Amino acid sequence: MSQNRWLATGNFFTSYKQEQRTFFTHLDRTIFTCFLVILFGWPLVFEISNKYMLVLDNILIAIVAVMGLNLLLGFAGLISIGHAAFVGIGAYTVASVCQVIGENHVIVTHFWPVLIVCAGIMGAIFGAFVGLPALRLKHLYLAIATLSFQMIFEWVIQFMSFFNQGQTIYVGRAHWLTGQVGRSDHYLFWYYIILTIVVILGFGVRNLLKTKYGRCLVAVRDNDRAADAMGMNPGLTKVYAFALAGFFAGVAGALHAYLYRGVGFESFTLHASVGYLAMAIVGGLGTLNGIFWGPVAIKFLDIQVEQFSEFVGQYLTSAPNVATALKPLSFGLVIVLFLMYEPRGIANWWRIVKSYTKLWPFRY
Amino acid sequence: MKSKATLFFNAFLVIVFVLAFTLPASAGKTYKLGMSLAITGPTSDAGNPYAKGAEDWFKFVNETDYLGDGDKIDCPIRDDQYKNDTTKRFFEEFLDDGILIFLSYATGGNLALKRDFEEVQIPVIPASYHEGLIVDANYTFMPVATYSENAVGLAEYITENHQGDNIPQVAFFIHPSAFGRGPLEDTQKAIAEGMKIEIVEVVEHGTDLDNTAMLQRLVSKGVQYVICQTVQTPVATMLTDAQRLGVTAGSFGEKGKLTFLGAHYTGGSDLIALAGTATEGYIWADSYNLTSENNEGAKKQLELAKRYDRDDKAANSHNYGAGILAAQIATEAIKMAKSADLKVTRENLYKMLQKMNFNSFVAAGPVTYSETERIGVDVQNIYIAQDGVFKKIQSFESQYIQKVRAGR
């Protein structure tokens, strides 16, 4: 590390502690702080329509969910094709409370932070349970085990009358210090709440990776036998990786329930699970900033393709139905192209940009 | 001379400029509506012609000055691909644009947005006829009889036409969702109210491509009638299998064979296109007038389709007619508000809808609503597939559904 704490001109760390810093330079910290100020401050300056606020809220919720998946897949190397089901567990935790005590009960409307944490804990419990096969299974076999959880989740929700057989279970409006959050402030309110949660959880993940528990995840991913020989407990590590992923997913599910003011089965299908996987891959597995890039890229791609589909649909009618194929086609193509040409995801582009600016105007 | 010519030219430009900005202003008002449905993706076989029907009707309204005073309707049609989250986003977009009426689509999407509809007090005309959409809801105006009315009505038809002393043995073939289960539950309630049929088995279909075992089981259990409440494709698969196995009844209620009946989304010209001759004898309940009936209404529907270069498939689809009807209801509400010298607002359109009573060329009966009534066309037609088309047997209104509703 350079002596100058404002500018870094290379990776010259002189101690382990230096390498573990959250921000390497004052400039990093300043830029990050400015970025946060912009994220929290822009809605006060610019007026944005509900439609776009909903899109932004959705992206932030996806970021929370992908954080968990990236911990599991990127850092611990454990595949899960049932991540949407874990998100669903969180959402249906809130929905179950609404079913039992009523959608407008004070616990639902006033104690929503508690419910969100409870949903996360429920997700963690289910995550740990589903993670048990990870003690014996790896790779494709583990993928099938998580897929089966997705199927069981869908079946249970669709057939149990307690869950309204998959149809919407309504969730009451949240209350804040100023009273009930009305329709006009709904999306803005949840933007701030979800953004705060993203920041807290983001720092949580960053700090986790500095601890021995975080390093255990990476060690087990790279070689679980070697990790075992080093005194780690690979079995426990795998189970708590699943529990962590479940917690993040559960929180995301609860936020989804409150944002949409209802829980319906269609938001937590296998298709959504594949979507989360795509976000993790495109963002960059095993990277922190990839957690943010992936959901942003996939969600915006979704909207752009949707608009393009509508445009194409005006000229090519239902006979060839090109518009129907366009969305899955572009979605699949993006994943394939990333896997082929940029398996480290968008996060790697960010790394290249950072490396370049660190040495600019000099080069190796 | 030169300066005079320049002066005239400048004056001409000013006049053109002024006219260009004043003419559109005096050309009438534009009323904004919004429509979200599955033009592509799942259920697009229904959503696609539905969208075309609505689009054509609004074009017709605008081109013929149907509203008078040069007023026009602007109704953007968005493709939500049958995803509730996308429908919600479009709905928010439409609200930002200040729409007056929302034309919605699927059961799931409508249920998900039901609270929003009530909260923002916007009239909604859905393409789903799920009974649950109008329970505890004021702003949803169902265009035609519900799926429950279809199913209960078909059960009533069975009791009236069943030959023999035994209680008709019925099986339900339903979609594995609230869309399929709701009408079954209401039929069970009708049985509890005294309707004389026995439901022997309920089959929640998957994506099976072969129904041999299921059909053989139904026959072995003594089932005579199968009421379908799902979409066309699984029904077409089942009918084709039944024909191959030789278990399709030759006449209504033939013993040892199966007579198939179905609700709104199970039938129509698309079913015949999918199942061919296996459709023969299929009984279908629907509140739309079909083009195969060759009456005045059918002619008008075909003329509209021809006017906008629609192919035969779309023109003859009852879903095309359904799209027209939804658009007509919205149009009539605006027209009524104008006639009553009221400002065209959501609130006034809601009032007008509650007083609505008009005849549509695509519907089997008049569209009527009141302060308590949220179903437009109560009349249903019973059709039978014969010689490659659906032919009307009779019109009727379900009696037991009233008892079911009263018991809620």
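A, B, ... follow the sequence lines: proteins, then strands. Residue 1 opens every chain. Just so you know, these numbers come straight off a predicted model, no measurement behind them.
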> State whether the number of non-hydrogen atoms from other residues, nucleotides or ligands found under 6.0 Å of A/F300 atom CZ is greater than 12.
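No, CZ of A/F300 has 12 or fewer neighbouring heavy atoms, counting only those of other groups under 6.0 Å.
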> Measure the shortest side-chain to side-chain distance between B/L111 and A/Y170 over non-hydrogen atoms and say whether it is less than 4.5 angstrom.
yes
> Checking heavy atoms, do the side chain of B/E93, its backbone, both or neither come under 4.5 Å from chain A?
both
> Just wondering, are more than 12 heavy atoms of other shown residues or ligands nearer than 6.0 Å to OH in A/Y52?
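Open: at most 12 neighbouring heavy atoms sit under 6.0 Å from OH of A/Y52.
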> May I ask you to test the B/D116-A/R261 pair for a side-chain heavy-atom distance under 4.5 Å?
yes
> Only heavy atoms, only distances under 4.5 angstrom. Which residues in residues 121-136 of chain B are near chain A?
none
> What part of A/Q165 gets within 4.5 angstrom of chain B, counting heavy atoms only: side chain, backbone, both, or neither?
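Both the backbone and the side chain of A/Q165 come within 4.5 Å of chain B.
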> Is the number of heavy atoms from other residues, nucleotides or ligands within 6.0 Å of CG (B/L209) greater than 12?
no
> Which value, rounded to the nearest 0.5 Å, describes the distance between A/K51 atom NZ and B/F90 atom CZ?
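Nearest 0.5 Å value for the NZ-CZ distance: 7.0 Å.
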> Please state whether the side chain, the backbone, both or neither of B/K83 comes within less than 4.5 Å of a heavy atom of chain A.
side chain
> Give, as side chain, backbone, both or neither, the part of B/L95 having an atom under 4.5 angstrom from any heavy atom of chain A.
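The answer is the side chain of B/L95.
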> Using non-hydrogen atoms and a 4.5 Å limit, figure out which bit of B/R181 sits close to chain A: side chain, backbone, both or neither.
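Answer is side chain: those atoms of B/R181 sit under 4.5 Å from chain A.
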> With side chains defined as the heavy atoms from C-beta onward, is the minimum distance between A/Q167 and B/F179 less than 4.5 Å?
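Result no, sub-4.5 Å side-chain heavy-atom pair not found.
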> Name the option with the most non-hydrogen atom pairs under 4.5 Å to chain B; the candidates are A/G262, A/G166, A/S49.
A/S49
> I'd like to know if the side chain of B/E92 pairs up with that of A/Y187 as donor and acceptor (distance under 3.5 Å, no hydrogens or angles considered).
yes
> Name the region of A/H186, side chain, backbone, both or neither, that has any atom closer than 4.5 Å to a heavy atom of chain B.
neither
> Inspect the surroundings of OH in B/Y308 and state if more than 12 heavy atoms from other residues, nucleotides or ligands are less than 6.0 Å away.
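Enclosed: over 12 neighbouring heavy atoms sit under 6.0 Å from OH of B/Y308.
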> Assess whether atom NZ of B/K32 is packed by more than 12 heavy atoms of other residues, nucleotides or ligands within 6.0 Å.
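Correct, the count exceeds 12.
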> Just wondering, more than 12 heavy atoms not from B/K59 lying within 6.0 Å of its NZ?
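More than 12 heavy atoms, drawn from other residues, nucleotides or ligands, come within 6.0 Å of this atom.
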> Can you tell me which portion of A/E266 sits under 4.5 Å from chain B's heavy atoms? Options are side chain, backbone, both or neither.
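Side chain only.
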> If you count the non-hydrogen atoms of other residues, nucleotides and ligands that lie under 6.0 Å from NE2 in A/H105, is the total more than 12?
yes
> Within this structure, what is the CZ-CG distance for the pair B/F91 and A/L54, rounded to the nearest 0.5 Å?
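Taking CZ in B/F91 and CG in A/L54, the distance rounds to 12.0 Å.
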> Flag the one option from B/K114, B/K88, B/R78, B/R115 with the top tally of heavy-atom pairs under 4.5 Å to chain A.
B/R115
> Measure the shortest side-chain to side-chain distance between A/R183 and B/V120 over non-hydrogen atoms and say whether it is less than 4.5 angstrom.
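SC-SC contact between A/R183 and B/V120 confirmed.
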> Which answer fits A/E103, side chain, backbone, both or neither, if we ask what part of it has an atom under 4.5 Å from a heavy atom of chain B?
side chain
> Within a radius of less than 6.0 Å around CD of B/E347, do more than 12 heavy atoms belonging to other residues, nucleotides or ligands occur?
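12 or below, so no.
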> Going by heavy atoms in the side chains, are A/H256 and B/D85 under 4.5 Å from each other?
yes
> If every non-hydrogen atom of B/A112 is compared with every non-hydrogen atom of A/T168, which pair is closest and at what distance?
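Closest approach of B/A112 to A/T168: CA-OG1, 3.3 Å.
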> Please classify the contact between A/I169 and chain B as side chain, backbone, both or neither, with a heavy-atom cut-off of under 4.5 Å.
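Neither part.
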